[in-house]
Amino acid sequence: MEIILTNILKAMLIFISFALSYGICRFANARTKQIESITGYEYSDVLWRIEDIVENCVIETNETFVNKLKEKGEFTKEKQIEAFNKTFETAYSELSNGMIELIEDEGVNVANLITTLIEKAVKAKKTYNNDTSVE
């Protein structure tokens, strides 16, 4: 009798583990579909999309604000902060609520992400400008 109960318990544990695995896979699949429906992108594309938005905002700020101030010699530390704030606000406003929710649901602070991406884009632009001005 004990052997039969042991075998039934083993079978139940195997069934429960398969059921849990199946449930987890279904949940993950549903979450992926939810991400795609909210953002219009697959999750793997969301960070790329945010980086693209920030890069375009940095370019826009440089063309409409920073370059004009640099030509006049008026690009001070205060104006640098103002340029950053303009870029940040523009980039944040470009993100959909779904993208923001998705990133925050994954434990990423959107403000920190945008700040880091702005700094990365500005540094890349400075590096590019320094490399091309050597010629």
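Between Leu95 and Ile114, some side-chain heavy-atom pair lies under the 4.5 Å cut-off. When side chains are defined from C-beta on, Thr61 does not count as touching Phe84, because their heavy atoms never get closer than 4.5 Å.
Sorted pairs that involve residues 1-14 and meet side chain to side chain donor-acceptor pair (under 3.5 Å), not counting sequence neighbours, are lacking altogether. Listed by first and then second residue, the side chain to side chain donor-acceptor pair (under 3.5 Å) pairs involving residues 63-75 amount to none (not counting sequence neighbours).
Sparse packing is recorded around CD1 of Ile3, with 12 or fewer heavy atoms of other residues, nucleotides or ligands lying under 6.0 Å away.
Hydrophobic clustering of Ile, Leu, Val, Met, Phe, Trp and Tyr side chains at less than 4.5 Å, counting indirect connections, keeps Ile8 apart from Ile16. If you chain together hydrophobic residues whose side chains sit under 4.5 Å apart, Ile59 and Ile118 never meet in one group.
Grouped with Phe65 in one hydrophobic cluster are Val66, Leu69, Phe75, the linkage being side-chain heavy-atom contacts under 4.5 Å among Ile, Leu, Val, Met, Phe, Trp and Tyr residues. Residue Leu13 belongs to a hydrophobic cluster whose other members are Leu9, with links defined by side-chain heavy atoms closer than 4.5 Å. The hydrophobic side chain of Ile81 is isolated, with no ILVMFWY side chain under 4.5 Å apart from it.
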Side chains of residues 50-57: which donor-acceptor pairs under 3.5 Å do they make with residues two or more places apart or in other chains?
from: Glu51; atom 1: OE2; to: Lys120; atom 2: NZ; distance (Å): 2.6
from: Asn56; atom 1: ND2; to: Asp52; atom 2: O; distance (Å): 3.3

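Atom OH of Tyr92 is separated from atom CG of Leu113 by 11.5 Å, given to the nearest 0.5 angstrom. Rounding to the nearest 0.5 Å places OG1 of Thr87 at 11.5 Å from CD of Glu119.
Shown here for Ser93 and Thr90, the closest heavy-atom pair between the two residues is OG-O, 2.8 Å.
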